[in-house]
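For clarity, every value in this text was computed on a predicted model and none was experimentally measured. Counting starts at 1 for both ligands and their atoms, in listed order.
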Amino acid sequence: MKILVVGSGGREHALCYSFKKSKKAEKIFCANGNAGIGEIAELVDIKPDEIEKLADFAESNAIDLTFVGGETSLALGIVDEFEKRNLKIVGVSQKAAQLESSKSFAKDFMARHNIPTAKYKTAFSTDEAKEILESGFFGDENVPVVVKADGLAAGKGVVVAADRSKAVEAIEELESIAGQDAAEKIVLEETLFGSEVSLILFADGENFSLMPPVRDHKRIGEGDSGANTGGMGTVSDRKLLSEEQTTKIVGEIIKPTLEGAKADGFPIRGILFLGLMMTDSGAKVLEYNVRFGDPETQVILIQLKTDLVEICEAILAQSLDKILIEWQTGSAACVVLASRHYPNKPQTGDIIYGLDLARRHENTEIFHAGTAKDERGNFITSGGRVLGVTATGEGLSAAISRAYEAVKDISWNGLQYRRDIGR
Ligand code: AMP
Ligand code: GLY
């Protein structure tokens, strides 16, 4: 089969790595990829938002299967366009993508289907948002409130404001941070407390299959300090959720979500990602994503034993209930190596040293996120998050130590990473 992966980050490198292992894959293309992906796939110079061009490419190159990495393409309707042209593609429809592309849509959906989530109000202007705060709906002025831009904002659209004055500040700044379109509506939410877990699943419109649970580390600094990022590292360990917790999440959140989506006319076929807060009163949904996470995917796919192409075929044939998806036992960890000044204005163009050495560690994969090659063929940094050093181990601490062992081999000018992933 000829397979096309859409996207260019560490997530897409992990996807290409999994497809590469498939007995059914003859050739892998990635639009638009990065230098690491370029080692295992043919890079195609089409961006994830160029839907027509991607469909043209799939058509003229007789691509047998397309897999969409990120939300941008899904929100623009890539799946609808491919299906219109009878091209096989794994991902959700544009309608279902609203669960991620509009936070107010997702909150209304959850309210309608009784899915546990933080109490919320949607405002249609900054003045209205401030009025809602003053109305006391979220309690007095010392109560923390979460301010969210409605639309896609690459992780920059959410502020957990410690008190009312910080919330007002966040409301006023939201448009300039998240962009005018994303901030056209503002969702205000009660702040939830607990530990966060990401739970991702394959869904075929009828059936679903859970992946191992993951914890992301979103802040730039150790001890969860500093600015939010796309994710500085992840761990995957079965102990993140007990069997009892998982059963409750399936019953109270996953089934109502899948059934609700179907009832509302947008069955979820592809990937669904639940960002959960494990509160004292049970799991609550912080957000839906309609795609794999980054860097969640790296720790998930390194544990996948089943052929990813077969899973995709089962999703398309609506027969996920007929295959057994197998995972390695044990744990996995991914440490993100970022460039200087990430997440603000990352410095790029630095030569990356030690990749060959780092690659030699057993049970370790180096997934590239923001890399390119210079004219002499050296790998150089080309983005904020540069590499995801990912390892498996029998237990979590073994996986973490193994990942950090490989990290030691890698260096460049301005390299930064967190030393406390999983701790
Ligand atoms: P979101 O993109 O909606 O998942 O928000 C990004 C991050 O903001 C989450 O991973 C949480 O750390 C935090 N967050 C979002 N909503 C809430 C909430 N209601 N209570 C506490 N933290 C939240
Ligand atoms: N790592 C968080 C996300 O992919 O949304």
Looking only at non-hydrogen atoms, find the nearest pair between I311 and I323 and report the distance. CA-CD1, 3.9 Å
What does the N/O contact table under 3.5 Å look like for ligand 2?
from     : atom 1 : to   : atom 2 : distance (Å)
ligand 2 : 1 (N)  : D216 : OD2    : 2.9
ligand 2 : 1 (N)  : G230 : O      : 3.2
ligand 2 : 1 (N)  : D294 : O      : 2.9
ligand 2 : 1 (N)  : E296 : OE1    : 2.9
ligand 2 : 1 (N)  : E296 : OE2    : 3.2
ligand 2 : 4 (O)  : R291 : NH1    : 3.1
ligand 2 : 4 (O)  : D294 : N      : 2.9
ligand 2 : 5 (O)  : R291 : NH1    : 3.4
ligand 2 : 5 (O)  : R291 : NH2    : 2.9

Using side-chain contact (heavy atoms from CB on, under 4.5 Å) as the criterion, list what pairs up with P144, not counting sequence neighbours. T191, F193
Measure the spacing between CD1 of I200 and OG of S236 and express it to the nearest 0.5 Å. 9.5 Å
Ligand 1 N/O to protein N/O, distances under 3.5 Å:
from     : atom 1 : to   : atom 2 : distance (Å)
ligand 1 : 2 (O)  : K103 : NZ     : 3.2
ligand 1 : 2 (O)  : E287 : OE1    : 3.1
ligand 1 : 3 (O)  : K103 : NZ     : 3.1
ligand 1 : 3 (O)  : K148 : NZ     : 2.8
ligand 1 : 4 (O)  : E287 : OE1    : 3.3
ligand 1 : 4 (O)  : E287 : OE2    : 3.1
ligand 1 : 10 (O) : E196 : OE1    : 2.7
ligand 1 : 10 (O) : K218 : NZ     : 3.0
ligand 1 : 12 (O) : E196 : OE1    : 3.4
ligand 1 : 12 (O) : E196 : OE2    : 2.4
ligand 1 : 16 (N) : K148 : NZ     : 3.0
ligand 1 : 19 (N) : E189 : OE1    : 2.8
ligand 1 : 19 (N) : E190 : O      : 2.9
ligand 1 : 20 (N) : L192 : N      : 2.8

Could you tell me which residues satisfy side-chain hydrogen bond (donor to acceptor under 3.5 Å, both in side chains) with T392, sequence neighbours excluded, listed by chain and number? none
Side chains of K262 and E206: does their closest heavy-atom pair fall under 4.5 Å? yes
Please examine the side chains of E313 and K88, heavy atoms only from C-beta on, and report whether any two atoms are closer than 4.5 Å. no
For E189, is there an ion pair with K103 - N to carboxylate O distance below 4.0 angstrom? no
So is R419 actually on top of Y417's ring, under 6.0 Å and inside 45° of the axis? yes
Honestly, is K185 close enough over F105, meaning NZ or CZ under 6.0 Å from the six-membered ring centre and within 45° of the axis? no
